[in-house]
Amino acid sequence: MCGITGYIGRENCTEHLLKGLTRLEYRGYDSAGISVYGNGSVRTFKQKGRIDDLKALLPSPLYGNLGIGHTRWATHGEPNQKNAHPHSSSSGRYTLVHNGVIENYEELQSKWLQNAPLTSSTDTEVIVQMIETLSLTGLSTKEAFIFTLSELKGSYAIAMIDRDAPDELWVAKNKSPLLIGLGDTFMSVVSDAIASIHATNQYIELKDEEIVRLTSSSASIETLQGEEIKRKPFKASIDDSDIEKGPYMHYMLKEIDEQPAVIRSLISHYSDGKGEIDISSSAKECLLKADRIHIVACGTSYHAGLVGKEYLEKIAGIPTEVHIASEFVYNTPLLGSHPVFLYLSQSGETADSRAVLVEMKKLGYPSITITNAKGSTLSRESDHTLLLHAGPEIAVASTKAYTAQIAVLYLVAKSLMKTTRDSSIKDLSRVAQSMEAIIDHKENYQALAKHYLLESRNAFFIGRAMDYHVCLEGALKLKEISYIQSEGFAGGELKHGTIALIEEGTPVIALTTQTGTDPNIRNNAKEVLSRGAHVLFISTENTKKEGDQNVIPSCPELLSPLLSVIPLQLLAYYAALEKGCDVDKPRNLAKSVTVE
Ligand code: F6R
């Protein structure tokens, strides 16, 4: 949430900052800004809206060797020009960008800033004003920076320019992600390596409560307590081409199309080349000791977790619960003697999930993170990590990470069985082929979306058992990008209340991929059909009946979510496209939700 870029070096920083911000736009896009140092002053430009709106505001050329930039997802203060970052201190000496939430900013404001008029409604401005106030008492920039940081409660990733010392760029991090990029002629600071991967693939990871003084050729890292840190850079394994849209109009469609390749990539990462599953033995041993597995996740990852529970219980025989991360603290379950926590997170940065991890770690419970982001916070802080190998997911609506999570959970569950000599790897590779078969006919879903969804203000998805879990995900996809109010229901549950909402023409998508539940879901469909609903059946070669509008290939039933979610992703995509919505950047959302 919120994206930060910073640059200090020998070339002009403006291009670097803007390219980085464009790539970070998935993290928030309600306003954006940059500050550039040149000729003895810092020039700041900020604007409500997207990076393109900011670009339109910039003078050309805008030249400087030191600069910071920010793309915002508003937490404190409405998204407008005044609240956009960067924020400067009253004298203009300090200018900074911030990602995170300062919980005690009001307290700090009344303690330190009674005489400093604030110009925005943000928590961020308190930080920069406090640094200036402290520097006016005689503290050096470093001392004022450290003192201020040690007073902050909450999360922050910060990049700060001191106008009076333009050969340095100050950086700090706590809970919100931040990396230092090492170039031949520059140093950069970014929320995500994709922001400067065009310029370098060498990064240093920062840990919580660390500060950095960057110059154009050095990065000096210290803890807030003054301990010097030496840390080796790592090579970011993403390619510039992974983050380009290529021939696609939207990242979401590209990412839907990439799903067969992701399954194949998982097969190659998690098999031994001879058709047997190969999952890290330490993660396996950890899970085998569990008397109960607790899956913790949010949103789409939570929906993948619901499928994962089925695998861990039905295949591996380990009792499993799935928890919405933000609810865990209120509904902490009774824990047995050997609980194991499994965190599912595409980004590996989700604050709600991390909050649970931090608390459960304090209690000494083992943790495994399944994530797409190597080196992310959840990955670093867990005992074990299993990667999704899905490549960068840039559309805000998650697609390929969902199927990758399900595939990894399936492989994990299978690997826990006494014998792994089974057909899992072959089954998954057939699923990848069937995914392709569905995707090859994606235009069909444009016509279905137009016919069933466009005229309606709401839509229902019904299914039973595994199909119910997929319905929850299908409804989330549709609502988040097309703004059609959509809900997923267990087929049997509709008649207990929600059926009151069915009117003439209400779209109901009935998902039926399991032979055992097919007769029941067909009955539920009749209940809504007789009340005027327009029912769109999505069935498989095994469950199809005459008149079904969409039939997808069959596969082992436990794997069906990997296939059946694709029609729902495509329906959502085409509904949003037809409605003229911004598919990749739906309103009010951001991809990496780093605030609780
Ligand atoms: C929806 C979506 C979100 C995320 C959720 C958790 O399309 O992407 O619901 O799934 O914010 O994010 P991660 O998986 O990064 O923890």
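We count ligands from 1, going down the list as the structure has it; atoms in each ligand are counted the same way.
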Study note, to complete from the structure: The closest protein heavy-atom partner of atom 3 (C) of ligand 1 is T300 N, 4.0 Å
Check your understanding: Which residue owns the protein heavy atom closest to atom 16 (O) of ligand 1, what's the atom, and how far is it?
Key -> T350 OG1, 2.4 Å
Review point. Between H534 and Y452, how do the two ring planes meet: parallel, tilted or perpendicular, split at 30° and 60°?
Key: perpendicular
Point to revise | D52 and K585 ion-paired at < 4.0 Å | key: no
Check your understanding: Do K477 and T300 meet the criterion of a side-chain donor-acceptor pair at a distance under 3.5 Å?
Key -> yes
Point to revise | Short side-chain donor-acceptor distance under 3.5 Å, Y29 and D582 | key: no
Point to revise | Distance (rounded to the nearest 0.5 Å) between T377 OG1 and E349 CD | key: 3.5 Å
Check your understanding: For ligand 1, which atoms, with element, lie under 4.0 Å from some heavy atom of V396?
Key -> 7 (O), 8 (O)
Review point. Would you say S353 and ligand 1 have an N/O pair spaced under 3.5 Å apart?
Key: no
Check your understanding: Going through the distances and angles, do I194 and Y26 end up as a side chain to side chain contact (heavy atoms under 4.5 Å, CB included)?
Key -> CA-CA 11 Å; I194 67 172; Y26 73 89; 3.7 Å; yes
**Study point:** Contacting atoms of ligand 1, where contact means under 4.0 angstrom from a heavy atom of E480
**Key:** 1 (C), 7 (O)
Review point. Under 3.5 Å, is there a donor-acceptor pair between the H469 and E310 side chains?
Key: yes
Check your understanding: Near S301, which atoms of ligand 1 are under 4.0 Å from a heavy atom of that residue?
Key -> 10 (O), 13 (P), 14 (O)
Point to revise | Polar side chain donor-acceptor pair, S301 to Q405, under 3.5 angstrom | key: yes
Review point. Which of the numbered atoms in ligand 1 are below 4.0 angstrom from a heavy atom of S345?
Key: 13 (P), 14 (O), 15 (O), 16 (O)
Study note, to complete from the structure: Atoms of ligand 1 under 4.0 Å from any heavy atom of K477, numbered from 1 in the order shown, are 1 (C), 7 (O)
Exercise for review: Decide whether an N or O pair under 3.5 Å exists between Q346 and ligand 1.
Suggested key: yes
Practice item. Just jot down the ligand 1 atoms closer than 4.0 angstrom to any heavy atom of A397, in number order. Key: 7 (O)
Point to revise | Sub-4.0 Å atoms of ligand 1 with respect to non-hydrogen atoms of S398 | key: 7 (O), 8 (O)
